[in-house]
There are 2 protein chains.
Amino acid sequence: MPTKGQSGQSESEEKPTRGKRADAVRNRRTLLAAAAEVFVTSGVDAPIREIACQAGVGVGTIYRHFPTRADLVVAVYRHQVEACAEAGPTLLASADSPLAALRQWVDLFVDFLVTKHGLAGALQSDSSGFEALHAYFLDRLVPVCAQLLDAAVAADEIPPGTQPYELMRAIGNLCIGHDPRYDPRRMVELLLRGLQHPRP
Amino acid sequence: MPTKGQSGQSESEEKPTRGKRADAVRNRRTLLAAAAEVFVTSGVDAPIREIACQAGVGVGTIYRHFPTRADLVVAVYRHQVEACAEAGPTLLASADSPLAALRQWVDLFVDFLVTKHGLAGALQSDSSGFEALHAYFLDRLVPVCAQLLDAAVAADEIPPGTQPYELMRAIGNLCIGHDPRYDPRRMVELLLRGLQHPRP
DNA sequence: GGTTTAGCGGAACAGCGCTCCGCTTTGAAG
DNA sequence: CTTCAAAGCGGAGCGCTGTTCCGCTAAACC
């Protein structure tokens, strides 16, 4: 992991560089890298101390930069969530049909969830300050899902009435749990099939 | 809650009365009652101490009677799980079609899960000694589900290939989370619709 | 009654989230 | 380069968990 090349660091910063001290900015990056690494091996509910240790900082530093767990998780996965959100309109334009676009987009979302250990579970968790995570994911992705659903309805590929929020949550729920006998993708596929028009 | 009428208590005991001491048997019952009550208000992952307090016993007593959390949860809900399992064949005999029986049975299962706060989540949990709970539910219900699925396949109402375990897990997952904007029943209904034959 | 031992209670330990405050480092003014 | 306010840091410490362990109580059997 190359951390070299600090010559010009005014690239795409979320909002950390806001008249902050140099060591604070450095720590924030270290923290994000450490969290990303720990999340892979221990899941998103890894002990805070573990992340602090991996980053070589005290727990206080984590809480100052990321007051709640959700803030940290969101910061780590922001780019990927953003990419997923942006993929919605793109797919709608490129796919054969709105329903096909919806399918591909859901695939993207599912892939994202199943590869992040424990993330799907955390998304639905009602405890431990994960609510903000839930909120962010939903704020960002539900509108995209709504757009895809609307397009599919307009193309008469599915009946109207499906709530985007409900669908997203169902998909998230289906992605919970690692088990060789359980393939979330297959169940999501079933769910999507159920979305289509029942033939009279 | 009437706990009277101890005259003849040799009714349907699971296995507590096995040459045990009288106070042990009494404590076991108290514990089950207390746990059932606490589960309603605080969910199945309520603190052990809370259950112990409600029952008026020490925590050691709980661990002696129910070594893992799953043992306690299973003991509390055994009757209902059993009833659900037995309803399978009954519905198959009484319903209009195997698929209708499957639907009604799934409804039963979903009702059970959504009314027990946190149970669905615990079912999928991979931590805190809930594995045994998972195992019990599956051992008891998957065969019933398999029977219903087989019947529906035989009646050519659904295509073959659906794994009972996978379906049960998906349904369980869909029941996670209390939220006015999310109705598990509706999503399970979608899933079941997806199960049916796609019309060519 | 006496004796044995199953069973009980809860102190105690370990792992967690989160807070709080004394100390260090930074960056700019002199 | 020195000075110095304050931004930032670290980790001890608190409260709440699950789980164990052992001295003591009281049930059961003689």
Side-chain angles (χ1 to χ4, degrees), chain A residues 6 9 15-35 38-39 41-73 118 121-122 125-133, chain B residues 6 9 15-35 38-39 41-73 118 121-122 125-133:
Chain A
Q6 296 90 337
Q9 79 283 47
K15 61 174 182 181
T17 322
R18 283 280 303 170
K20 301 295 189 161
R21 253 168 57 170
D23 57 346
V25 176
R26 190 172 353 111
N27 267 333
R28 182 176 224 273
R29 293 196 193 181
T30 309
L31 236 23
L32 280 177
V38 170
F39 285 172
T41 63
S42 306
V44 293
D45 14 50
I48 293 289
R49 287 187 213 311
E50 188 178 338
I51 301 172
C53 177
Q54 167 79 25
V57 304
V59 289
T61 303
I62 292 196
Y63 282 103
R64 194 169 324 99
H65 285 286
F66 308 98
T68 81
R69 232 205 165 65
D71 294 320
L72 182 55
V73 178
S125 174
D126 45 357
S127 62
S128 297
F130 267 128
E131 311 83 20
L133 178 65
Chain B
Q6 296 89 336
Q9 79 283 47
K15 60 175 181 180
T17 322
R18 279 282 302 169
K20 302 294 188 162
R21 252 167 59 169
D23 56 347
V25 177
R26 189 171 354 111
N27 268 333
R28 181 175 224 274
R29 294 198 192 181
T30 308
L31 236 24
L32 281 177
V38 170
F39 284 171
T41 64
S42 307
V44 293
D45 14 50
I48 293 290
R49 279 161 170 75
E50 190 178 336
I51 301 171
C53 178
Q54 167 79 24
V57 305
V59 289
T61 304
I62 292 195
Y63 280 102
R64 194 169 325 99
H65 284 287
F66 307 99
T68 83
R69 234 204 163 64
D71 293 320
L72 180 55
V73 177
S125 175
D126 45 358
S127 61
S128 297
F130 267 128
E131 311 82 21
L133 178 64

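To find a chain, count down the sequence lines: A is the first, B the second, and so on, and within it residues start at 1. Note that the coordinates shown come from a computational prediction; the quantities given were computed from them, not determined experimentally.
Side chains of A:N27 and A:T30: no donor on one and acceptor on the other come within 3.5 Å.
Considering only residues two or more places apart in sequence or on other chains, A:R49 meets the salt bridge (Lys or Arg N to Asp or Glu O under 4.0 Å) condition with none of them. For B:S125, the side chain to side chain contact (heavy atoms under 4.5 Å, CB included) criterion is met by B:S127, B:F130, not counting sequence neighbours.
Atom pair A:L72:CG and C:dG17:P shows a separation of 12 Å (rounding to whole Å applied). B:I62 places its CD1 atom 14 Å from the C1' atom of D:dT20, with the value rounded to the nearest Å. The CZ atom of A:R28 sits 12 Å away from the P atom of D:dG8 (whole-angstrom rounding). In this structure, CD of B:Q54 is placed 15 Å from P of C:dG9, rounded to the nearest angstrom. The distance between atom CD of B:E50 and atom P of D:dC16, rounded to the nearest whole Å, is 13 Å. Rounded to an integer number of Å, the gap from CD1 of B:I51 to C1' of D:dG18 is 12 Å.
Considering all non-hydrogen atoms of both residues, A:S42 and A:E50 come closest at OG-OE2, 2.9 Å.
Using a 4.5 Å heavy-atom cutoff, the side chains of A:F66 and A:V73 are not in contact.
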Per-nucleotide protein contact along nucleotides 18-30 of chain C, 5' to 3', at a 4.0 Å heavy-atom cut-off (B base, S sugar-phosphate only, - neither), is BB-----BSS---

